[in-house]
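All heavy atoms count here, side chains included; hydrogens, waters and symmetry mates do not. First the proteins, then the strands, lettered A, B, ... as listed; each starts at 1.
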Number of protein chains: 2
Amino acid sequence: MATMTAAQKRAEAKTQYNAFLAACPSQQLLARVSGKWVTLVLSALGSGPDCTGEPRPMRYSELARVLAGISPKMLSQTLKSLERDGLISRTAMPTVPVTVSYELTGLGLSLHQTVRQIKLWSEAHRDEVTENQARFDGAG
Amino acid sequence: MATMTAAQKRAEAKTQYNAFLAACPSQQLLARVSGKWVTLVLSALGSGPDCTGEPRPMRYSELARVLAGISPKMLSQTLKSLERDGLISRTAMPTVPVTVSYELTGLGLSLHQTVRQIKLWSEAHRDEVTENQARFDGAG
DNA sequence: CCGAATCCCTTTAGATACTG
DNA sequence: CAGTATCTAAAGGGATTCGG
């Protein structure tokens, strides 16, 4: 049957577009950075525990303490994915008990700089956005 | 009872941290931009249908065509949230049937510039990341 | 033509408990 | 100390249908 062309074409277009999206680097990066804890880990490692210092290595337990709300599962998962991308490096010292520290790589540091741009934009425009939202909600 | 201090303190710390996160402008912006279609709509309005042109207004149906994979629901939802934040403006012409067009505001345009930084980073480093991933997976 | 409302499924992330 | 495993809750997103 050569019928149902409309739905068929739509489905085909969608498949192609999704393939295009999957190959799009920007989308990939956004997907990576969008994780709830990814930027927080980047910030912690890139600007110190209070987000105002210098990049420095931190231990697993230190990260867990700084990111107070995170569960061990999510911390491990986030760290592993960042390590996989080469954004952070993991170093295990053969002490007893074992000591593990994480540090931004050069690549991770450059991403941290980019993410900071987002932070700057949001801080610069947050009031404006909040105001717009209030007006929109008020206008109903 | 002043017991169960450990679990209690942990819960308290978490609550405070979550409150801190909720107030963090960067987190708010990331949450907004992280939607699957948000950046695509911004790009379409900010760089034309093929992402290589000038900012210009587009109609609902034109956006639906360009973003081939999107469902009407998500398009409406995305557009409304962007309009609420004052990032795009919506104009309805009282024709029959009604004609609606969307356009970036100044605020939306500036966000688009910031988002482009992410795009540039990801394009510049995609090969490096891919290579890192392959090495990581290979090393098992 | 534009968009709202409903239903359903998949993905994500949090709680908890346990191991080297 | 540094993780892993399992289970469950919640959110995001898609298909479909209906109204202005």
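- Here A:Lys36 reaches the OP1 or OP2 of C:dG14: one of its side-chain N or O atoms lies under 4.0 Å away.
- Distances were taken from every side-chain heavy atom of B:Val98 (C-beta onward) to each of C:dG3, C:dA17, C:dC2; the shortest belongs to C:dC2.
- Along DNA chain D, the nucleotide nearest A:Asn18 and the nucleotide nearest A:Arg90 are compared for position; the residue whose nucleotide lies closer to the 5' end is A:Arg90.
- Under the 30°/60° scheme for interplanar angles, the aromatic rings of B:Tyr17 and A:Trp37 are found to lie parallel.
- Between A:Glu62 and A:Arg56, at least one side-chain nitrogen of the basic residue sits less than 4.0 Å from a carboxylate oxygen of the acidic one, meeting the salt-bridge criterion.
- Checking the phosphate oxygens (OP1, OP2) of D:dA2, a side-chain nitrogen or oxygen of A:Ser61 falls inside 4.0 Å.
- You'll find that the side chain of A:Tyr102 is closest to D:dG3, out of D:dG3, D:dA5, D:dA15.
- In terms of modelled atom types and a separation under 3.5 Å, the side chain of A:Ser81 and the main chain of A:Thr78 share a donor-acceptor contact.
- Proximity of A:Arg59 to the phosphate of D:dA2: a side-chain N or O atom is located under 4.0 Å from OP1 or OP2.
- Residue A:Tyr60 places none of its side-chain N or O atoms closer than 4.0 Å to OP1 or OP2 of D:dT4.
- Contact annotation for A:Ser76: base contact, defined as any heavy-atom pair under 4.0 Å involving a base atom.
- Residue A:Trp37 has no polar side-chain atom (N or O) positioned under 4.0 Å from OP1 or OP2 of C:dT12.
- Residue A:Lys73 places no side-chain N or O under 4.0 Å from the OP1 or OP2 atom of D:dT6.
- At a threshold of 4.5 Å between non-hydrogen side-chain atoms, the residues A:Glu103 and A:Ile88 do not count as touching.
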